[in-house]
Student: 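Dropping the structure in here first, questions after.
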Amino acid sequence: MTSADHAPDSALLDDLERYYDAAPRSAATAEDFGPLTLFVRRGSTGWHYYARPTPGHEGPAATADDVRRVLERQRELGLPEAFEWVAEQNPELRTAVEAAGLTVHEHPLLVLGPQDGTTSTPALPERTEVRVLAADAPELAHAVAVPHVAFGNPGTAAGSAGAAELAVSAATLTADGGVARVAQRIADGVTALAAVLEDGAVLCAGQHNPVGAVTEVVGVGTLPSARRRGLALTVTAALVAHARANGVRTVFLSAADEDVARIYRRAGFRPFATALVAEPATEPSA
């Protein structure tokens with residue numbers, strides 16, 4: 001089932017497929033498993049990547065045995081057992097990963113193409129601003145850390161986690177090299193990071209990672225104590241504006257669920273397809 005209102009544009013699907021294959025290569029090594037490609041991050045910090053279909057593969061579609069071979073390699077390397085793909089581009093992969101024992105989760109995929117204009121930007125209160133940060137910005141550590149705190153406290157409701165938790169996370173990410181990694185990616189032009197600041201304190205941040213004329217908005221998170229203020233849309237609008245100003249034609253993102261997707265639809269994104277994520281089933285709590 002797709003989150004789009006009609007069959008997605010095949011040319012756009014191909015653009016996204018090329019993007020999904022190219023984007024990890026700036027920070028990961030690609031291992032060839034025939035119909036599947038496993039991305040293994042270089043170094044000890046940064047995102048853990050995933051396996052996904054190999055673009056342009058001309059042989060048979062991936063089978064459960066192919067999936068199991070990748071799973072064995074992920075376990076050998078101590079990596080998350082994760083596969084990601086677009087349902088409409090590789091519909092047959094779901095059967096294979098489920099036969100290998102993984103659980104598949106659906107996430108709405110939304111796009112803002114050249115014909116869709118720009119996102120609307122919510123008004124910010126006084127003493128609050130949104131900025132795209134340079135690699136040496138003093139706020140960078142907190143901006144990198146905000147999504148970690150946000151995703152550690154999931155949901156969209158306001159919560160208690162705030163400045164204290166952010167400081168701890170920023171210190172951890174600085175110590176383990178995570179902040180330096182993002183700073184280098186910004187300097188290299190493969191990542192842009194936008195943040196909302198209030199009186200100098202970071203409340204929300206997110207990134208986009210351009211490859212040619214396509215980019216994905218990722219990791220947009222708001223400090224739980226600052227939620228319900230439209231800050232995620234403000235960050236997203238800033239990232240879209242930065243992308244457009246730097247020659248990007250197509251901006252896309254995947255939403256956690258339909259509730260989150262509705263927020264991004266209000267900002268101008270349109271449903272396009274369905275992102276699928278496969279991982280081991282979660283054991284029920286006792």
Side-chain angles (χ1 to χ4, degrees), residues 23-24 26-27 41 43 45-47 112 118-153 161-227 229-248 251-253 263-264 267 269:
S26 63
R41 76 178 183 186
T45 64
W47 297 287
L112 193 71
T118 58
T119 59
S120 57
T121 305
L124 287 171
E126 292 184 16
R127 308 190 318 279
T128 304
E129 61 174 332
V130 59
R131 285 196 279 127
V132 176
L133 301 183
D136 60 352
E139 305 89 358
L140 186 64
H142 280 198
V144 172
V146 160
H148 289 263
V149 177
F151 301 147
N153 297 267
E165 290 80 2
L166 181 58
V168 171
S169 181
T172 299
L173 288 164
T174 298
D176 71 11
V179 175
R181 180 191 62 82
V182 175
Q184 187 60 57
R185 288 182 60 84
I186 293 171
D188 292 343
V190 295
T191 287
L193 187 153
V196 171
L197 300 94
E198 185 174 73
D199 293 332
V202 178
L203 301 182
C204 179
Q207 303 177 22
H208 81 87
N209 302 307
V211 177
V214 180
T215 195
E216 181 181 16
V217 172
V218 298
V220 177
T222 302
L223 207 60
S225 59
R227 285 172 176 160
R229 295 170 55 181
L231 302 184
L233 286 184
T234 298
V235 163
T236 301
L239 292 170
V240 170
H242 179 273
R244 292 282 200 235
N246 286 275
V248 171
V251 183
F252 74 99
L253 56 84
I263 295 172
Y264 286 109
F269 284 83

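For this chain, numbers begin at 1 and follow the sequence in order.
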Student: Taking C-beta and beyond as the side chain, do Glu216 and Asn209 meet within less than 4.5 Å on heavy atoms?
Tutor: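 Answer no - side chains too far apart.
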
Student: Distance check, rounded to the nearest 0.5 Å: Leu124 atom CG versus Thr234 atom OG1?
Tutor: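 One gets 4.5 Å once the value is rounded to the nearest 0.5 Å.
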
Student: Would you sort out whether Phe269 and Thr236 count as a side chain to side chain contact (heavy atoms under 4.5 Å, CB included), showing the intermediate values?
Tutor: CA-CA 11 Å; Phe269 284 83; Thr236 301; 3.8 Å; yes

Student: What salt bridge (charged side-chain N to carboxylate O under 4.0 Å, His left out) pairs are there with at least one residue in residues 179-197, not counting sequence neighbours?
Tutor: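 Checked against salt bridge (charged side-chain N to carboxylate O under 4.0 Å, His left out) - neighbours excluded - no pair reaches residues 179-197.
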
Student: For Val202 and Ala195, work out which heavy atoms get closest and say how close.
Tutor: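 Looking at all heavy atoms of both residues, the shortest contact is CG1-CB, 4.2 Å.
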
Student: I need the minimum non-hydrogen distance between Leu233 and Ala267, along with the two atoms involved.
Tutor: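 Distance-wise, the nearest heavy atoms are CD2-CB, 3.7 Å.
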
Student: Only counting residues at least two apart or in another chain, list the ones meeting side chain to side chain contact (heavy atoms under 4.5 Å, CB included) with Ala137.
Tutor: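 With sequence neighbours excluded, Ala137 shows a side chain to side chain contact (heavy atoms under 4.5 Å, CB included) to Leu133, Glu139, given in chain and number order.
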
Student: What residues, two or more places apart in sequence or in another chain, satisfy side chain to side chain contact (heavy atoms under 4.5 Å, CB included) together with Val211?
Tutor: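 With neighbours one apart ignored, the set is Tyr19, Ala22, Ala23.
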
Student: Does anything in residues 167-219 form a ring pair (Phe, Tyr, Trp, His ring centres under 6.0 Å)? List the pairs, not counting sequence neighbours.
Tutor: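 Qualifying pairs, neighbours excluded: His208-His242.
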
Student: Quick check: closest heavy atoms across Ala205 and Val146, and the distance to 0.1 Å?
Tutor: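 Minimum heavy-atom contact is N-CG1, 3.9 Å.
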
Student: Which residue pairs pass the salt bridge (charged side-chain N to carboxylate O under 4.0 Å, His left out) test with at least one member in residues 231-240, sequence neighbours excluded?
Tutor: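 Those involving residues 231-240 do not exist here.
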
Student: Using the side chain to side chain contact (heavy atoms under 4.5 Å, CB included) criterion, which residues pair with Ala187? Sequence neighbours excluded.
Tutor: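 Testing Ala187 for side chain to side chain contact (heavy atoms under 4.5 Å, CB included), a comparison that skips the adjacent residues, returns Ala135, Gln184.
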
Student: Who passes ring-ring contact (aromatic ring centres under 6.0 Å, His included) against His142, sequence neighbours left out?
Tutor: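 Expected list: none.
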
Student: For the residue pair Ala145 and Leu166, what are the closest heavy atoms and their distance?
Tutor: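 Heavy atoms of Ala145 and Leu166 come nearest at CB-CD1, 3.7 Å.
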
Student: Taking only residues two or more places apart in sequence, or in another chain, which ones meet His148 in a ring-ring contact (aromatic ring centres under 6.0 Å, His included)?
Tutor: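 Listed in chain order: nothing, the list is empty.
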
Student: Using the ring pair (Phe, Tyr, Trp, His ring centres under 6.0 Å) rule, collect all pairs that involve residues 176-204, keeping only residues at least two apart or in two chains.
Tutor: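 Sorted pair list comes back empty.
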
Student: Going by the rule side chain to side chain contact (heavy atoms under 4.5 Å, CB included), which residues pair with Glu165 if we only count those two or more places apart in sequence or in a different chain?
Tutor: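 Expected list: Val149, Ala161.
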
Student: Which salt bridge (charged side-chain N to carboxylate O under 4.0 Å, His left out) pairs, counting each pair once, include a residue from residues 192-209, with sequence neighbours left out?
Tutor: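 Non-adjacent pairs meeting salt bridge (charged side-chain N to carboxylate O under 4.0 Å, His left out): Arg127-Asp199, Glu198-Arg229.
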
Student: With heavy-atom distances below 4.5 Å as the criterion, would you say the side chains of Leu173 and Val182 are in contact?
Tutor: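 The answer is no, as the side chains (C-beta and beyond) never meet within the 4.5 Å cut-off.
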
Student: Testing the basics here: between Ile186 and Ala134, what is the closest heavy-atom pair and its distance to 0.1 Å?
Tutor: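 Nearest pair, atom of Ile186 first, then Ala134: CG2-C, 4.2 Å.
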
Student: Work out which heavy atom in Pro224 is nearest to a heavy atom in Asn153; give both atom names and the distance.
Tutor: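 Reported closest heavy-atom pair: CG-CB, 3.8 Å.
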
Student: Working to the nearest 0.5 Å, report the span between CG of Leu203 and CG of Leu197.
Tutor: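 Here the rounded value is 7.5 Å.
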
Student: Could you give all pairs that pass the ring pair (Phe, Tyr, Trp, His ring centres under 6.0 Å) test and reach residues 172-204, with sequence neighbours left out?
Tutor: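 Ring pair (Phe, Tyr, Trp, His ring centres under 6.0 Å) check on residues 172-204 returns no pairs.
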
Student: List the steps, then state whether side chain to side chain contact (heavy atoms under 4.5 Å, CB included) holds for Thr215 with Val240.
Tutor: CA-CA 9 Å; Thr215 195; Val240 170; over 6 Å; no

